[in-house]
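A short write-up of the structure that comes next.
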Amino acid sequence: MEIEQILLAALLGGIFAGAGGGLGAFMAGFLPSSYRNVVIGGMAAGGLALSQIAVDALKSRSLGNEIHAELQQSRMFVIIEEEFPEEYAGFVREISQSKSDDSAFKLGNRFTTNLRKTHAEYLKSASSSKLLDFIEADRRLANAIRERDGDEMCSAFLLAGPGSLPNGLTPYAVEAELSVEALFLAISDGRDIDNPRSSPSEAEWVELLEQWQSEGATEDMVAALANPESAGANLCGAYLSFLTLLISYEAIEADAIRAEHMFQKAILN
């Protein structure tokens with residue numbers, strides 16, 4: 001089994017959280033009452049799960065060092081090992097001792113879900129550059145889907161994850177891996193700094209939205225983010241526009257807002 005297939009399988013769950021997963025819950029959490037007409041239910045985001053194709057590859061590797069060698073061909077797993085060595089070692093050990101495909105699948109899902117959620121608070125301490133790296137990677141992935149498959153498929157991806165795409169993540173392997181890498185690098189960076197920012201106030205969110213509208217965002221675009229499930233194909237353009245604003249925003253509270261944006265995604269189940 002080629003490592004590229006293992007990598008694509010491993011990205012399936014994690015990129016849901018990294019890209020569009022939980023968008024409705026995130027927006028409902030910060031939109032002030034003056035902008036919000038409906039309460040959006042949370043969308044579940046899966047963990048970074050190993051799919052059946054990866055399980056089939058790994059179950060034939062009886063020794064942990066052989067599994068490690070396979071995983072290390074992916075920069076994503078190199079980063080996870082470098083930044084979270086104890087957790088990574090435990091994961092490789094558990095996978096090597098797995099007795100069934102189902103148990104290996106569950107181990108993969110639990111590993112990165114727990115890694116992401118356990119350390120999510122560190123995103124509030126991450127440096128501006130790491131926050132920007134993730135948001136740019138997030139935008140790059142969504143834009144790649146839009147350019148290849150159009151607004152409808154891009155919007156479907158933001159709502160339902162990679163399973164909504166006709167060819168999955170295969171055409172976007174590079175962009176997908178960069179997004180997951182950026183997420184874990186931001187978590188690690190924040191852990192080293194460990195000086196969390198306060199959550200943005202409602203007034204600060206209002207200022208951000210007013211800035212977005214002053215730069216051309218329409219009421220329909222704001223509404224698309226507030227109610228993504230009914231936005232249809234308009235969701236993609238609105239989301240990309242919002243990410244562009246987050247990247248260029250220069251207010252004092254900009255990094256606190258970027259950090260909150262990432263944190264709200266990372267804590268989803």
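- With rounding to the nearest 0.5 angstrom, the CG atom of D194 is 10.0 Å from the CD atom of E121.
- Residues F84 and I187 are in side-chain contact: their nearest non-hydrogen atoms beyond the backbone lie under 4.5 Å apart.
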For this session: Could you walk me through whether V222 and F242 pass the side-chain contact (heavy atoms from CB on, under 4.5 Å) test, one step at a time?
Result: CA-CA 9 Å; V222 176; F242 183 74; over 6 Å; no
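- Shown here for W212 and M221, the closest heavy-atom pair between the two residues is CH2-O, 3.9 Å.
- Shown here for R146 and G237, the closest heavy-atom pair between the two residues is NH2-CA, 3.8 Å.
- Not a single donor-acceptor pair under 3.5 Å links the side chain of R258 to the backbone N or O of L132.
- Summarising the geometry, atom CG belonging to L131 is positioned 11.5 Å from atom CD belonging to E260; distances are rounded to the nearest 0.5 Å.
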Exercise. Where do D133 and E136 land on the side-chain contact (heavy atoms from CB on, under 4.5 Å) test, with the steps shown first?
Worked result: CA-CA 5 Å; D133 285 347; E136 178 56 40; 5.9 Å; no
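- Cluster membership for I257 and M262, using ILVMFWY side-chain heavy atoms within less than 4.5 angstrom, is shared.
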Problem set entry | Stepwise side-chain contact (heavy atoms from CB on, under 4.5 Å) check, L115 with I80 | CA-CA 10 Å; L115 190 67; I80 290 176; 4.1 Å; yes
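- Closest heavy-atom contact between A142 and C154: O-SG, 3.6 Å.
- Linking Ile, Leu, Val, Met, Phe, Trp and Tyr residues whenever their side-chain heavy atoms come within less than 4.5 Å places W205 and I247 in a single cluster.
- Distance check: D138 CG to N143 CG gives 11.0 Å after rounding to the nearest 0.5 Å.
- At a cut-off of 3.5 Å, with distance as the only test, no side-chain donor of E83 or H119 sits close to an acceptor on the other residue.
- No side-chain donor-acceptor contact under 3.5 Å links E207 and Q211.
- Using modelled atom types, one finds no donor on one side chain facing an acceptor on the other under 3.5 Å when comparing D255 with Y249.
- At distances below 3.5 Å, at least one donor-acceptor pair connects side-chain atoms of S230 with backbone N or O atoms of N227.
- At distances below 3.5 Å, at least one donor-acceptor pair connects side-chain atoms of R197 with backbone N or O atoms of K124.
- Side chains of R191 and S125: a donor-acceptor N/O pair is absent below 3.5 angstrom, by distance only.
- Using cut-offs of 30° and 60° for the angle between ring planes, the H261 and Y239 rings count as tilted.
- Open room surrounds CD on E152; 12 or fewer heavy atoms of other groups in view lie less than 6.0 Å from it.
- Cluster annotation: L183 is connected to I135 through the hydrophobic network of ILVMFWY side chains, with a link wherever side-chain heavy atoms come within less than 4.5 Å.
- Counting only distance, with no hydrogens or angles, the side chain of T118 and the backbone of N114 share a donor-acceptor pair below 3.5 Å.
- Here the side chains of S155 and L159 are not in contact, with every heavy-atom distance at 4.5 Å or above.
- Between L141 and A176, the closest heavy-atom pair is CD1-N, 4.0 Å.
- L235 and L245 end up in the same hydrophobic cluster when Ile, Leu, Val, Met, Phe, Trp and Tyr side chains are linked at under 4.5 Å.
- Under the 4.5 Å side-chain heavy-atom criterion for grouping Ile, Leu, Val, Met, Phe, Trp and Tyr, Y172 is not connected to L178 through any hydrophobic cluster.
- Atom CD1 of residue I145 and atom SG of residue C236 lie 8.0 Å apart, to the nearest 0.5 angstrom.
- Note that CD of E82 and CG of L185 are 9.0 Å apart. Values are rounded to the nearest 0.5 Å.
- Between the side chain of D189 and the backbone N or O of K130, no donor-acceptor pair lies under 3.5 Å.
- Heavy atoms only, all atoms of each residue included: S164 and M153 are closest at O-SD, 3.8 Å.
- Taking CD from E253 and OG from S199, the interatomic distance works out to 13.0 Å, rounded to the nearest 0.5 Å.
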